[in-house]
Amino acid sequence: MGQLVSIHERVSENLNRALHSAIGADKQLYLLGEDVCDPYGGAFKVTRGLSSSYPERVLSTPLSEASITGVAGGIALSGGKAIVEMMFADFAALAFDSILNFASKSVAMYGVRLPMHMVLRAPSGGGRGYGPTHSQSLHKHFIGIPHLSLFELSPLHDNHDVLEKMLTRGEPCIFFEDKTLYTRRMYRDGQIDDIFGFDYIDEEQNFARISIDGYQKSDVVLIAAGGMVERCLQAARDLFIEHEISCQIIVASRIFPIDPDPLVPILSTAGLVCVVEESTAGGTWGSEVAHALYERMWDELPGRIELVHSKNSIIPTAAHLEKDVVVQTADIYRSVRSALHA
Amino acid sequence: MTLSRLVDDDLELLLLIRHFESALLELFGEGKLHGTTHTCLGQEYIPVALEPFFGRGDFVFSNHRGHGHYLSRFRDPESLLAEIMGREGAVCSGVGGSQHIRREGYLSTGVQGESLPVAAGVALTMKSAGEGALAAVYIGDGTWGEGTVYETLNMARLWCLPLVVVVENNHIAQSTATEKQMAGSIAGRASAFDIAHHLVRGNDINQIREQLDSVFAGVRNGAGPVVIEFDTNRIGPHSKGDDTRDATELARVREHDWYSAYERQHPAQFRAADERQRELIDTVVRSVESRPASRWDNS
């Protein structure tokens with residue numbers, strides 16, 4: 001079951017192509033990061049080829065996360081645009097002041113709106129055995145900062161569009177890129193496999209919806225971002241095949257700020273709403289989504305929104321320990337089953 | 001100390017800053033200012049000396065102690081006082097206040113060390129434009145505790161950026177003497193990055209300009225970043241009423257004040273200018289005080 005209908009480009013290739021076109025099209029756009037230049041092309045090879053094509057504007061930097069983010073702020077302040085690659089999202093902790101106190105605040109703190117075109121790319125998440133300081137999902141630490149938008153890499157959202165949105169938004173954006181996605185394939189043309197297809201539920205195509213072909217209504221709606229797509233899909237397959245439970249998966253490209261309006265018609269006919277993310281417990285994106293939905297549609301919701309996330313723990317290195325902490329397909333499956341039976 | 005005679009314009013600017021800062025401390029004393037402020041009493045001569053080196057295409061980054069930097073660039077005390085008091089005509093609608101100000105080619109922020117890499121980013125785009133513009137960033141001796149200073153010096157030197165780091169070393173960071181919070185020296189730290197360091201002693205504006213003329217020309221011509229360290233004295237408090245230095249130390253720093261020295265050495269020129277600027281600031285204070293509150297379009 002669940003075979004790909006055709007082989008498409010890898011997610012990292014799609015992102016790489018998007019970066020090539022963006023940098024090629026805009027002479028004011030810079031890309032900075034550690035080891036991003038050729039022949040290395042970045043720790044995850046996402047920037048491969050860029051420095052060879054644009055050596056003046058694609059710069060390998062010293063190990064200085066705080067200051068390269070500051071430099072990006074200076075480029076944005078000059079009216080240019082900048083993309084910064086954090087080698088691992090975890091290192092964005094070193095750049096927190098630059099993001100919180102300079103880049104995002106500058107949009108508003110000088111009394112008039114000052115566009116700050118910059119994107120911080122943040123390879124995120126576990127599943128690769130990199131251990132406690134190279135595996136975190138830092139999303140929650142950046143939620144609720146005025147004038148900072150958060151996006152997540154997704155196999156359902158073409159990165160040309162996503163990059164364009166982030167670079168024209170006029171405020172700094174963090175792009176969380178689940179590392180396990182890089183080698184996955186992009187989905188195209190509304191097709192996932194022999195059970196599922198996808199479409200977009202809003203005009204700006206921020207929310208992709210994966211659903212079982214031919215099913216109008218679903219027992220369960222899972223809300224997630226790109227990094228959880230594979231695990232949600234597998235859980236949805238298993239639930240459908242083993243228990244005839246039908247799931248839709250809503251995949252958000254921009255995860256903050258949250259606009260719940262396009263979700264209302266779908267969620268109001270669901271039997272269960274579940275927000276799934278890799279973040280460890282406590283102050284999560286899911287709780288923010290749930291709050292937004294409670295405010296917007298309390299009376300129309302089928303019941304309490306189920307939150308699925310990793311344990312309240314650091315991310316261990318050994319595979320068996322990591323699996324125990326980080327959300328797996330089985331955790332999603334189990335949460336859905338028990339919520340439906342509650 | 002001997003101070004050479006200034007052209008009237010420089011003297012008026014020096015006194016404008018002095019009376020502006022003194023007026024702020026008075027307004028605080030009267031309970032008319034909200035929040036906090038940091039005056040540059042004793043250090044006014046630094047931005048006045050540097051002002052002719054900055055052209056229209058340049059970018060000056062200031063810090064928490066930035067009123068003198070702003071007034072030197074724009075000579076516009078009304079917009080600054082209105083900003084500090086949250087009144088109509090405020091340069092940033094009253095949102096930024098004393099230490100977060102932006103105007104063409106000028107920006108200040110309130111976190112130590114934060115503006116250095118930003119200035120480097122601006123300098124990077126200037127280098128790429130190739131029009132000989134430069135970015136200058138004012139920092140203090142205390143700022144050298146921040147890691148971003150070193151990250152930025154490293155990148156600025158590696159990339160040969162047109163960046164001038166102006167250090168106002170007043171030998172005290174808030175309440176902590178510099179020798180208690182800085183190992184080694186600023187010169188030594190600049191040298192570690194192979195960055196030229198120029199030490200400026202004394203507060204004779206004409207001499208300072210003579211000393212720095214070729215330094216600024218070098219930066220514009222692609223010589224790379226420089227550190228200019230002013231050995232200076234803060235004669236006022238860090239903020240307001242928070243000076244813990246003893247009477248001997250305060251007497252010592254006041255001996256270095258250009259204000260009384262210039263008054264002694266050029267009395268006629270001084271008195272006329274001093275009177276003019278004192279009155280001008282009085283007028284500005286009365287005007288700004290009587291204005292309605294500033295409005296902010298936060299949509």
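The sequence lines fix the lettering, A, B, ..., with proteins before strands; numbering per chain opens at 1. Only this structure's heavy atoms are used, side chains among them; waters, hydrogens and symmetry mates stay out.
- Residue R113(A) places its CZ atom among more than 12 non-hydrogen atoms of other residues, nucleotides or ligands, all under 6.0 Å distant.
- Between atom OG1 of residue T152(B) and atom CD1 of residue I68(A) there is a gap of 11.0 Å, rounded to the nearest 0.5 Å.
- The number of heavy atoms from other shown groups lying within 6.0 Å of CZ (R48(A)) does not exceed 12.
- N101(A) is not listed as a side-chain neighbour of T109(B), based on a closest heavy-atom distance of 4.5 Å or more.
- Between atom CE of residue M109(A) and atom OG of residue S93(B) there is a gap of 13.5 Å, rounded to the nearest 0.5 Å.
- T125(B) OG1 to Y30(A) OH: the interatomic distance, rounded to the nearest 0.5 Å, is 6.0 Å.
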Notebook entry, point to check: Given the rule in the side-chain contact (heavy atoms from CB on, under 4.5 Å) test, do V71(A) and V118(B) qualify, once you have shown the distances and angles that lead to the verdict?
Noted result: CA-CA 5 Å; V71(A) 166; V118(B) 177; over 6 Å; no
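- Note that OG of S78(A) is 6.5 Å distant from CE of M126(B), once rounded to the nearest 0.5 Å.
- Chain B forms more heavy-atom pairs under 4.5 Å with one residue of L59(A), L32(A), T69(A) than with any other, namely L59(A).
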Next item on the list: Go through L77(A) and L107(B) one step at a time and tell me if the side-chain contact (heavy atoms from CB on, under 4.5 Å) criterion holds.
Entry: CA-CA 10 Å; L77(A) 181 67; L107(B) 180 139; 3.8 Å; yes
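- For chain B, the option among S67(A), S64(A), A72(A) with the highest count of heavy-atom pairs below 4.5 Å is S67(A).
- Of all non-hydrogen atoms in A66(A) and T148(B), the two that sit nearest each other are CB-CG2, 3.9 Å.
- For F59(B), the part lying under 4.5 angstrom from a heavy atom of chain A is the side chain only.
- The CG atom of D97(A) lies 8.0 Å from the CD atom of E146(B); values are rounded to the nearest 0.5 Å.
- Within a 6.0 Å radius of NZ in K27(A), no more than 12 heavy atoms belonging to other residues, nucleotides or ligands are found.
- From L114(A), atom CG reaches atom CZ of R102(B) across 4.5 Å, with rounding to the nearest 0.5 Å.
- One N or O on the side chain of Y110(A) and one on the backbone of S108(B) form a donor-acceptor pair closer than 3.5 Å.
- Looking at I101(B), only its backbone comes within 4.5 Å of chain A, counting heavy atoms on both sides.
- Nearest heavy atom pair, residue A108(A) against residue V95(B), reads O-CG1, 4.0 Å.
- Looking at heavy atoms from C-beta onward, W159(B) lies in side-chain contact with T61(A) at the 4.5 angstrom threshold.
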